[in-house]
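One is the number of the first residue; the rest follow in order along the sequence.
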Amino acid sequence: MRFSLFIHMERWDDSVSHRQLFEDLTELTLMAEAGGFGTVWIGEHHSMEYTISPNPMPQLAYLAARTSTIRLGAGTIIAPFWNPIRVAGEAALLDVISDGRAEIGLARGAYQFEFDRMAGGIPASSGGNHLRELVPAVRKLWDGDYAHDGEIWQFPTSTSVPKPIQQPLPIWIAARDPESHKFAVRNGCNVMVTPLMKGDEEVVDLRDKFAAALAENPDVPRPDLMVLRHTYVHPADEPDGWVAGAQAVNRFYRTFDAWFGNKTTPVDGFLDPSPESKFAERPEFQIDALHKTAMIGTPTEVIERIKYYQDLGVDEYSFWCDNGMSHEEKKRSLALFIEQVVPAFR
């Protein structure tokens, strides 16, 4: 089992500066590298203070200069917001800067809020069309001269400048539905999945979709499967330590619901979480349920569940650090994971 860190700058009010948040992100990344994590992942989001990352590339390029072994993952670039030439060139440049440590994740996008501002208001549900056209175009640009005449993008002969060091540069696809899994496997892309608020039965279901895609493409070498999950580890001698983590993840998902619902205009990048009352009939939002679904627990409890994922065939577990907690709380959780969970898999 490999481990990675999935992280953004999170800002819940104006009491912490963006500069401080960037320094905090850097500190957690350096901790992860020292602790043997294989990759740090940073995604793409726009105009949202609770997930700050208008472009993962500059952050990852900075981290490339501050680190020596950890791989740098754009997880994920939102296909409808990019041009294939720009994706190919920026990803290749990150690979050059990091001396061959880049990983590129691509996704179709989810928030209609972002599509209304970044993609002319097209339905977020149409983002898969962009993803399926983008992936082969980027690869052909990495190979050399290529002209593209697609349904979404058209451009005359061009190429990626620079070219990536890695041959091939790894591509990951964020997948949920069976067709996304099939597309990823058929195109030799690794797969990243998140069960969000659902339990381990959802991990099994996502693994089964991945396995079905493998079965349909027996001639394709098996790509890797990564599971991304909100993670909070508390000491065994603090039996109620899980409560703070579950409460924080509850607020995170209520905030996610508010942004995803796209019903209220944010104020200067902030949007209040949806009220608790909205979820009175939604047991998955209760902290007792989140204790069982999110990766929240003592080191022993977390080890047991990740070993179950390993037995399912998961290749990489990504420690999703975003949860609305303070930097000090995140540091303590990550340190416990490094000290007491990671050794069980070495």
Side-chain angles (χ1 to χ4, degrees), residues 1-8 10 24-43 60 63-64 66-73 75 98 101-103 105 170 172 190-195 199-200 203-204 206-207 223-239 241-242 244-246 248-249 290-323 325-346:
M1 177 68 74
R2 300 193 307 270
F3 294 107
S4 58
L5 180 70
F6 207 101
I7 188 170
H8 296 92
E10 286 184 88
D24 293 345
L25 181 149
T26 301
E27 182 179 15
L28 292 170
T29 299
L30 294 175
M31 283 180 63
E33 179 179 55
F37 280 40
T39 307
V40 57
W41 296 96
I42 302 176
L60 293 168
L63 292 173
R66 294 292 307 274
T67 60
S68 57
T69 59
I70 198 166
R71 297 180 66 78
L72 294 312
S98 65
R101 288 188 281 145
E103 304 266 340
W172 295 75
N190 298 319
V191 175
M192 55 172 67
V193 300
T194 175
D200 288 347
V203 178
V204 174
L206 292 166
R207 187 283 311 267
D224 287 345
L225 176 65
M226 179 180 87
V227 170
L228 164 67
R229 181 132 245 183
H230 286 285
T231 306
Y232 178 71
V233 187
H234 64 88
D237 60 1
E238 296 178 9
W242 64 270
V249 172
L290 290 168
H291 183 201
K292 299 175 183 176
T293 54
M295 189 63 73
I296 299 173
T298 66
T300 298
E301 291 167 339
V302 169
I303 288 168
E304 182 179 356
R305 286 183 67 193
I306 295 179
K307 283 190 173 180
Y308 175 60
Y309 292 1
Q310 187 176 45
D311 291 341
L312 290 174
V314 174
D315 302 288
E316 179 173 326
Y317 178 82
S318 197
F319 184 114
W320 192 357
C321 204
D322 303 347
N323 56 23
M325 304 189 85
S326 71
H327 177 59
E328 291 305 315
E329 288 170 313
K330 290 180 181 181
K331 278 178 62 178
R332 187 173 84 143
S333 171
L334 180 59
L336 273 173
F337 190 92
I338 290 170
E339 293 165 7
Q340 298 188 33
V341 176
V342 172
F345 297 87
R346 296 293 183 257

**OP:** Let me see the working for Met226 and Asn190 under side chain to side chain contact (heavy atoms under 4.5 Å, CB included), right down to the final yes or no.
**Re:** CA-CA 8 Å; Met226 179 180 87; Asn190 298 319; over 6 Å; no
**OP:** Could you go through the side chain to side chain contact (heavy atoms under 4.5 Å, CB included) check for Ser98 and Arg71 one step at a time?
**Re:** CA-CA 8 Å; Ser98 65; Arg71 297 180 66 78; over 6 Å; no
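For the residue pair Trp41 and Ser318, the shortest heavy atom distance occurs at CD1-OG, 3.9 Å. Nearest heavy atom pair, residue Gln340 against residue Pro299, reads OE1-CG, 3.3 Å. Here the closest non-hydrogen pair linking Cys321 and Leu5 is CB-CD1, 4.0 Å. Residues Val204 and Tyr308 come closest through the heavy atom pair CG2-OH, 3.3 Å. Shortest non-hydrogen contact noted between Val227 and Val314 is CG2-CG2, 3.7 Å. The two residues Ala248 and Met325 make their nearest non-hydrogen contact at CB-CG, 3.4 Å.
The side-chain hydrogen bond (donor to acceptor under 3.5 Å, both in side chains) with Ser326 is formed by just one residue from the set Glu329, Lys330, Glu328; it is Glu329. Results of the side chain to side chain contact (heavy atoms under 4.5 Å, CB included) test with Val341 over Thr231, Leu336, Val302 single out Val302 as the only residue that passes. Each of Thr69, Thr39, Thr67 was evaluated against Arg101; a single residue qualifies, Thr67, per the side-chain hydrogen bond (donor to acceptor under 3.5 Å, both in side chains) test.
To the nearest 0.5 Å, atom CG of residue Leu63 and atom CD1 of residue Ile42 are 5.0 Å apart. To the nearest 0.5 Å, the span separating CD on Glu238 from OG1 on Thr298 amounts to 11.5 Å. Between the CH2 atom of Trp242 and the CG atom of Leu290 there is a distance of 9.0 Å, given to the nearest 0.5 Å. Atom CE of Met31 and atom CD1 of Ile70 lie 11.5 Å apart (nearest 0.5 Å). Considering CG of Leu206 and CE of Met192, their distance stands at 13.5 Å, rounded to 0.5 Å. Annotation: the span from Ile7 atom CD1 to Trp320 atom CH2 amounts to 13.0 Å, rounded to 0.5 Å.
Taking the charged nitrogens against the carboxylate oxygens, Arg2 and Glu103 have no contact shorter than 4.0 Å, which rules out a salt bridge.
With sequence neighbours left out, Phe3 forms a ring pair (Phe, Tyr, Trp, His ring centres under 6.0 Å) with Phe337, Phe345.
Sorted by first then second residue, the salt bridge (charged side-chain N to carboxylate O under 4.0 Å, His left out) pairs that include residues 295-309, not counting sequence neighbours, are Asp200-Arg305.
Within the 4.5 Å cutoff, no side-chain heavy atoms of Val40 are placed close to those of Glu33. You'll find the side chain of His291 stays beyond 4.5 Å of the side chain of Tyr232, heavy atoms only. Residues Leu28 and Lys331 meet the side-chain proximity criterion, which asks for heavy atoms closer than 4.5 Å. No side-chain heavy atom of Thr29 sits under 4.5 Å from any side-chain heavy atom of Arg66.
Although no hydrogens or angles enter the test, the distance criterion places a donor-acceptor pair under 3.5 Å between the side chain of Ser333 and the main chain of Val233. Under the 3.5 Å distance criterion, the side-chain polar atoms of Arg229 are left unmatched by any main-chain donor or acceptor of Tyr317.
For His230 and Asn323, the side-chain atoms include no donor-acceptor pair closer than 3.5 Å. Judged purely by distance below 3.5 Å, without hydrogens or angles, the side chains of Glu316 and Trp172 never pair a donor atom with an acceptor atom.
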